[in-house]
Structure formats: C-alpha cells, structure tokens
Enquirer: 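Right, I'll just put the structure down here and ask away after.
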Amino acid sequence: MSDQMKAGRRQALKFLAGAPLFPLGAISASSLLTACGGGTDLPAGSVVPVPTFASAEFAPMAAPSLANAAAMATTTVTSALNVKFSDNSVQTYKLAYQPFFLTGDMVPGTSGANVLAGGYYDINNKPIIDKTVAGKERQFFSDSPDGTSLLSVANPTVTGIKGKAVFAVVQFEYTTWAQDGKTDMYGALPSPIAVLTLDQDQTTGKLSLVKYHNVDTSKVNGLWITCGASLSPWGTHLSSEEYEPDAFTIASNTMFSAYSTNLYGDATKANPYNYGHLPEVTVNPDGTGTIKKHYCLGRISHELIQVMPDNRTALMGDDATNGALFMFVADKEKDLSSGSLYVAKVGAGFSLDVTAAGAPLSWIKLGSATSAEIEALAQTVKATDIMDVRTSDPADATFTKINFSGKVQWVRLKAGMEKAAAFLETHRYAALMGGSMAFTKMEGTTVNAKDKIAYSALQNMQSSMVRGNAAWNEAHGVTIDKALNAGGILAHTLAGSQKDTKGAAINSDWVPTVTKTLLIGEDITADALGNTANPDKIGAPDNLKFSEKLRTLFIGEDSSYHVNNFLWAYNVDTKLLSRVASMPAGAEATGLSVVDDLNGWTYITSNFQHPGDWGSIHKVVQPTLDPLVRANYKDRFAAAVGYLTADISSVKLNK
C-alpha cells in the first residue's frame with residue numbers, strides 16, 4: 001500500500017477515536033472501518049473527509065417474558081446503540097453483557113494464590129466462615145456486589161498484561177442469607193471491597209480479569225453496608241456506608257451486634273460512630289488498593305456522592321426516610337479531608353409535575369471540620385454526651401420536636417456539642433437546624449456538567465413525602481398527596497455566587513438552587529406477569545450515572561414493583577427513555593458506572609444483587625424461574641460483576 005493510501009486509512013480511522021466505541025468481542029479495527037464504509041483503499045493523493053461524532057441514541061429492548069423464561073433468569077441485553085456522525089452515517093452496536101466473574105468463583109489473587117470473589121474477612125484479614133450447615137463449612141461470600149469504578153493508573157506494574165492494564169474497584173454491600181437459607185445475614189458482615197486488574201485488548205476493547213485484590217479495611221475499622229459508589233474526578237473510588245447505625249439504640253441492635261461479632265469476635269467492640277462515613281479507595285500501580293474514611297462529610301445514609309468538576313463540591317444522596325439533600329464543599333481541591341457541610345431547605349413549588357418550574361433551594365450550614373477531628377470525637381464521645389433524645393413528648397420547652405427515620409422524636413442539644421452533633425448525629429442535627437428532612441430513599445446522584453444540572457434518584461416517593469403521613473412535616477416543603485411507589489428522578493439547577501441562610505458566601509460554583517421533577521414511574525394494578533409498576537417506565541430508580549459524550553442519563557432500578565429490574569438510558573436532548581438491559585428476576589441493578597473514554601473505549605459497568613430474591617410480585621413467575629436462577633447463580637448465592645459490551649454478530653467481517 002502506498003504511503004498516501006496508508007495516510008488516508010489512518011485519517012479515516014481517526015474519527016472513530018471521537019466516537020463512543022463499545023468493546024467488541026474479538027473484532028479488529030479494520031473490520032470497524034469496513035462496517036463504517038471505509039474498506040476500499042483510496043487513490044493516491046485523495047483527501048478523506050473526516051466525519052466527527054454527532055450524537056448517539058439507544059434502541060430499546062422489550063421486557064423479557066415467560067415466553068422466553070431463560071431471558072428472565074439471567075442478565076439479558078437485546079438493545080443497540082446507534083452512533084451518528086457528521087456525514088449522517090450511522091454505526092450500530094448490538095449490545096451484550098460480559099461478566100468478569102460470579103461471586104463465589106475462585107479467581108487469581110495479586111499474591112499468586114486464588115482467592116474467593118466477594119469473600120468476607122474479619123479485622124485480622126482472616127476469612128469469616130459460614131458454619132450454618134454442618135460438614136459444609138465455607139467462607140462467606142456476597143450475593144450483592146454494588147458500587148463499581150473503572151479507571152486507569154499511571155505506570156502500572158501488574159504482570160501478565162498483554163494489552164493495557166485498567167482497574168475496577170468493586171464493593172460488596174452484603175450477603176442475603178447464610179447457606180442454611182434461614183439465617184438472615186443482612187448487615188451482619190463487614191463489607192469487602194476489591195481491586196480488579198483487567199487486561200484491555202487494544203484491538204477490541206475487551207476486558208479480561210487478570211488479578212483480584214481484597215483491600216485491607218482493618219485500619220478504617222471495617223466497612224458497613226457499602227452501597228453505591230462514584231469515581232472522583234481525580235481517579236479514586238468514592239464508596240459509601242448507608243443506614244448509619246443509631247448510636248442511641250445500639251445496645252438493642254442485634255444486627256450491629258452480629259456485625260461486631262463477625263468483625264472483631266466481640267459483640268460489643270464495634271463503635272457505631274465509626275460507621276456511616278465516606279470511604280475513599282486509591283488504586284496502586286501494582287493492582288492493590290489503600291483506603292481511608294472521611295468523617296467530615298456527615299454521618300448519614302450515604303448512598304453515593306457526586307463530586308463536581310471543581311474537584312471540591314460534593315452532592316450527596318441520603319438513602320433514608322426523613323432524609324435530605326446534603327452538600328459538602330472541601331477546603332482544597334481533590335481533598336475531602338476537610339470542609340463545610342450543608343443541608344438543603346426546600347422552598348415552595350415542589351411538584352411531581354415534570355412541566356412545573358420546581359422549588360427553590362436554600363442551604364443551611366451545619367458546620368466545618370476536618371476528618372481527623374471528627375474521627376477523634378467518634379472515639380471519645382457517646383451519644384448521650386451530644387444530645388438528649390426522647391421518643392415521647394417530655395413536655396419540656398427546651399426540647400425540639402423533629403422527624404427522624406419515619407418517626408417523631410424530641411431532641412435537646414448539649415452545650416458546646418454543635419460540631420459533634422453536625423458530623424456524628426447529622427440527621428438529628430440537620431432537623432434541629434431546620435433542614436428539609438422530607439425525602440424518602442434518595443439514592444444515586446450524578447451531574448450533567450455541560451448543562452450544570454445534577455440528578456438525584458428517589459427510589460420511592462412515600463411516607464415522609466406524603467401529606468398526612470406520620471413521618472410528614474409540612475414545614476419541610478415537600479408534599480405529595482399520594483405515595484408514588486415507583487419513585488422518580490429530580491433535576492437540580494446548579495449555580496455559583498450563592499449564600500447560606502445566614503448570608504455567608506458558599507465557596508462553590510456548583511450549588512443546587514432549584515429542584516424539579518425530571519422523570520417519574522407509574523404505579524399500576526398488577527399485570528399478568530406480576531408487575532405493580534408500569535414496566536415501560538422507570539420503577540424505583542437507584543443507581544444514576546451521566547455520560548457527557550452520549551448526553552445520556554443511565555438509570556438502574558432497585559424495585560419490588562418490577563418483576564425484572566432494568567437498566568435504562570434517558571437521552572436528555574431527545575427525551576427518549578430506552579430499556580437497555582434486564583437483570584435476573586428478583587435481582588437489583590447495581591454497580592452502574594460510565595466511562596466515556598478509557599484508552600479510546602466507552603464502558604458501562606453493571607452488576608446485580610440477590611437474584612431470585614422472591615417477593616409477592618413474583619408469585620406468577622417464581623415456579624418457572626426459581627430452578628433456572630438457581631442453576632445460573634450457585635443456588636442463588638452468587639451474582640455477577642461485569643459490563644456492557646457489543647456483540648460481534650452485529651458487525652459483518654469482510655476479509
């Protein structure tokens with residue numbers, strides 16, 4: 001081939017680098033060129049026009065049904081991605097799902113020996129053994145992988161890489177049952193978190209597991225119910241600890257006692273104030289990881305946070321009843337170890353009407369602190385040192401009536417304990433300070449940086465949001481007349497030059513100023529399959545991630561209203577909502593992350609939890625699907641960690 005021909009071909013290939021390229025099994029770059037109409041060599045001296053990426057849109061898939069029961073019992077992807085270029089040509093990717101492993105698999109560890117994927121370890125990094133079936137003792141492993149971050153690290157040193165080394169950090173929220181099928185293990189085990197070393201094929205983009213490293217969490221007192229996660233702008237994994245254990249009732253909390261026993265071998269050793277914080281994992285070049293906990297972002301039900309492009313402002317989901325929208329502004333860029341914590345107050349105008357203007361947001365400053373000083377307080381103070389709490393009216397004007405976790409309480413702050421209260425008893429203190437403690441199960445949070453809009457998922461719109469409910473308070477500014485179990489997504493307008501409620505400047509250009517409803521689901525009478533939420537709309541949204549290049553909001557469900565939970569793609573420009581994937585029946589869609597460009601490839605990670613976790617909506621499908629799910633996922637004890645890829649069958653190979 002002449003130099004001019006080679007140059008023309010290289011120029012034609014360049015436009016692919018500007019497009020969102022999904023990994024394509026075992027297909028070559030030359031085949032991609034052929035698929036885009038570039039397979040013919042051009043005459044010498046020809047100038048090849050270089051099309052540029054214009055837009056992308058997902059072609060939706062139908063929800064699986066019992067007509068194909070096997071599709072309901074696994075991760076099913078029959079959607080496609082259509083990529084349009086400036087010359088009006090279109091590249092279509094037929095999508096598929098590729099797991100890295102199932103939990104409970106033995107996989108290669110960084111030490112050389114095989115390790116148990118999703119396995120649990122105590123404070124001394126010794127395996128925690130399930131002894132509930134005599135003669136079949138085995139290490140506990142999770143059926144609930146969750147938050148996942150896909151990233152690269154400079155100068156990786158892991159051996160055995162043929163392409164390029166990329167890494168994934170995966171956390172495991174809990175395991176549902178012990179192997180006897182009777183012992184409830186939710187929250188009773190310290191959550192593991194792992195770094196995966198992946199080999200990225202430079203021709204196809206395919207990712208293959210090379211090494212698995214279990215991160216040592218002993219220095220941060222173990223991890224508590226790690227749910228959603230996000231990738232920080234500086235390339236670290238921002239984890240979560242949701243449903244912070246209530247320090248005032250900890251003596252009667254049998255789940256926390258079991259957690260302490262499994263972690264420390266002592267039912268009373270674990271300190272509740274060490275949990276409910278924000279862990280951050282840094283991946284090392286050798287495929288290992290190190291972890292720290294930030295104690296200064298509020299002790300709330302951390303679902304996941306989204307750090308804005310300023311590297312300082314973090315918006316936080318709060319997966320609670322009587323939860324709130326929280327914001328943290330760090331003192332320094334790329335450093336969450338000190339800063340100021342705020343809670344939102346919602347003004348008039350909140351509505352589920354997606355055409356409504358929305359409600360204004362103001363921000364109450366709860367305090368400023370370093371992680372080190374709050375961690376020191378956590379080791380020295382007890383709940384009763386911080387405030388007095390009553391569950392019935394003490395008929396004492398020095399107490400303030402608040403809403404807490406779906407119930408009414410009366411609280412009184414003790415002198416000089418404002419900082420301890422703000423960062424260790426955040427829910428109660430935020431209520432005391434007038435925050436809108438109104439939301440139910442605020443889950444994933446993400447940002448559309450170009451439009452300066454953040455999104456928050458409300459898995460359900462219930463209880464504390466519903467007029468007349470015991471958890472509802474009109475003063476919180478959030479009122480709907482009827483529960484919407486299927487939930488919805490809020491959009492928050494972001495701006496700078498904002499002040500808190502005391503008139504002090506907020507040092508951020510990414511402050512939510514207005515909140516409005518973007519999408520809602522629809523509750524229905526049970527259909528023939530058992531769905532009690534419209535299967536063609538979102539149902540109990542949980543994970544959220546936004547792709548700037550695709551202009552798409554990705555939505556993963558945690559629904560007891562859809563027989564199969566789905567992964568959705570919502571194009572914010574065309575307003576098209578497309579079903580992209582279906583999880584095994586009874587499973588929750590988790591581990592969602594989107595990377596627009598990782599060595600030239602676009603990735604969507606997706607896991608699921610607890611397949612075959614049957615509820616009342618599954619009575620129609622359970623008899624058919626239960627044996628299939630058991631066969632697919634280790635008798636329902638396993639779940640998958642993986643990503644969306646493109647099916648090789650979608651591309652015609654011409655030699």
Side-chain angles (χ1 to χ4, degrees), residues 242-243 246 300-301 303 316-326 343-362 391 393 400-410 427-428 430-432 434-445 455-492 512 514-526 531-534 537-542 544 555 557-562 615-617:
E242 71 174 358
Y243 308 134
D246 185 0
I300 60 175
S301 187
E303 172 72 17
M316 296 181 276
D318 181 24
D319 188 1
T321 300
N322 293 117
L325 184 62
F326 289 91
V343 65
K345 186 172 181 62
V346 182
F350 184 86
S351 170
L352 298 189
D353 182 355
V354 297
T355 66
L361 297 174
S362 56
T391 55
D393 190 348
T400 300
K401 183 180 178 181
I402 68 166
N403 297 93
F404 177 81
S405 194
K407 298 179 180 179
V408 173
Q409 292 187 347
W410 288 260
H427 276 129
R428 289 185 172 97
L432 193 63
S436 289
M437 313 304 291
F439 295 105
T440 51
K441 296 192 70 61
M442 183 176 282
E443 306 265 0
T445 304
Y455 306 102
S456 295
L458 293 176
Q459 182 184 336
N460 315 117
M461 294 174 168
Q462 301 171 335
S463 58
S464 58
M465 299 179 68
V466 180
R467 186 184 302 278
N469 187 279
W472 172 75
N473 186 332
E474 188 170 14
H476 291 159
V478 177
T479 301
I480 58 178
D481 292 322
K482 180 183 178 182
L484 180 59
N485 296 323
I489 296 170
L490 303 181
H492 316 296
V514 175
T515 187
K516 63 168 293 180
T517 301
L518 178 74
L519 288 172
I520 56 173
E522 179 187 0
D523 296 341
I524 61 172
T525 302
N531 294 296
T532 57
N534 186 335
K537 296 183 179 181
I538 59 172
D542 187 324
L544 290 185
I555 306 159
E557 296 180 339
D558 176 11
S559 173
S560 53
Y561 312 107
H562 282 170
S616 58
I617 67 166

Enquirer: Does Ala526 offer a backbone N or O that forms a donor-acceptor pair with the side chain of Thr532 under 3.5 Å?
Expert: no
Enquirer: Please check: side-chain N/O of Lys516 versus main-chain N/O of Ala356, any donor-acceptor pairing under 3.5 Å?
Expert: yes
Enquirer: Roughly how far, to the nearest 0.5 Å, is CD of Glu303 from CD of Glu443?
Expert: 4.0 Å
Enquirer: Which pair of heavy atoms, one from Pro512 and one from His492, lies closest together, and at what distance?
Expert: CB-CB, 3.9 Å
Enquirer: Applying ring pair (Phe, Tyr, Trp, His ring centres under 6.0 Å), name anything that partners His562, two or more places apart in sequence or on another chain.
Expert: Phe566
Enquirer: Kindly write out the residues that satisfy side-chain hydrogen bond (donor to acceptor under 3.5 Å, both in side chains) with Asn322, not counting sequence neighbours, or none if the list is empty.
Expert: none
Enquirer: To the nearest 0.5 Å, tell me how far Met316 CE sits from Ser301 OG.
Expert: 12.0 Å
Enquirer: For a quick test of reading the model, state the closest non-hydrogen atom pair linking Asn403 to Ala470 and the distance between them.
Expert: ND2-O, 3.9 Å
Enquirer: Going by the side-chain hydrogen bond (donor to acceptor under 3.5 Å, both in side chains) test, name the single residue among Asp319, Asp542, Asp558, Thr321 that passes it with Lys441.
Expert: Asp319
Enquirer: Working to the nearest 0.5 Å, report the span between OH of Tyr561 and CD of Glu522.
Expert: 14.5 Å
Enquirer: With sequence neighbours left out, what residues match Lys345 under side-chain hydrogen bond (donor to acceptor under 3.5 Å, both in side chains)?
Expert: none
Enquirer: If I take atom CE from residue Met465 and atom CG from residue Leu458, how far apart are they, to the nearest 0.5 angstrom?
Expert: 5.0 Å
Enquirer: Closest heavy-atom contact between Val354 and Leu518?
Expert: CG1-O, 3.5 Å
Enquirer: For Val346 and Phe439, run side-chain contact (heavy atoms from CB on, under 4.5 Å): C-alpha distance rounded to whole Å, both residues' side-chain angles, the deciding distance at 0.1 Å, then the answer.
Expert: CA-CA 11 Å; Val346 182; Phe439 295 105; 4.1 Å; yes
Enquirer: When you measure from the side chain of Asn531 to the backbone N and O of Ala533, does any donor-acceptor pair fall under 3.5 Å?
Expert: no
Enquirer: For residues 477-488, which side-chain donor-acceptor pairs fall under 3.5 Å, sequence neighbours excluded?
Expert:
| from | atom 1 | to | atom 2 | distance (Å) |
| --- | --- | --- | --- | --- |
| Thr479 | OG1 | Trp472 | NE1 | 2.9 |
| Asp481 | OD1 | Arg467 | NE | 3.0 |
| Asn485 | OD1 | Gln462 | NE2 | 2.7 |

Enquirer: Which pair of non-hydrogen atoms, one from Ala471 and one from Ser463, has the smallest distance, and what is that distance?
Expert: CB-C, 4.3 Å
Enquirer: Which residues satisfy the side-chain hydrogen bond (donor to acceptor under 3.5 Å, both in side chains) test with Asp318, sequence neighbours excluded?
Expert: His427
Enquirer: Please report the closest heavy-atom contact between Ser436 and Ala324, naming both atoms and the distance.
Expert: O-CB, 3.6 Å
Enquirer: Calculate, to the nearest 0.5 Å, the distance between atoms CG and CG belonging to Leu490 and Leu519 respectively.
Expert: 10.5 Å
Enquirer: Please evaluate residues Ser456 and Leu325 with respect to the criterion side-chain contact (heavy atoms from CB on, under 4.5 Å), reporting the C-alpha separation (whole Å), side-chain torsions for both, the decisive distance (0.1 Å), and the verdict.
Expert: CA-CA 9 Å; Ser456 295; Leu325 184 62; 4.1 Å; yes
Enquirer: Go through the steps to decide whether Ile489 and Thr517 satisfy the test side-chain contact (heavy atoms from CB on, under 4.5 Å), and finish with yes or no.
Expert: CA-CA 6 Å; Ile489 296 170; Thr517 301; over 6 Å; no
Enquirer: Does the side chain of Ile402 come within less than 4.5 Å of Val408's, by heavy atoms?
Expert: no
Enquirer: Hey, could you give me the CZ/OG1 distance between Arg428 and Thr400, rounded to the nearest 0.5 Å?
Expert: 13.5 Å
Enquirer: Please assess Thr445 against Phe326 for the test side-chain contact (heavy atoms from CB on, under 4.5 Å), listing each intermediate value before the final yes or no.
Expert: CA-CA 11 Å; Thr445 304; Phe326 289 91; over 6 Å; no
Enquirer: Could I get the full list of side-chain hydrogen bond (donor to acceptor under 3.5 Å, both in side chains) partners for Thr440, not counting sequence neighbours?
Expert: none
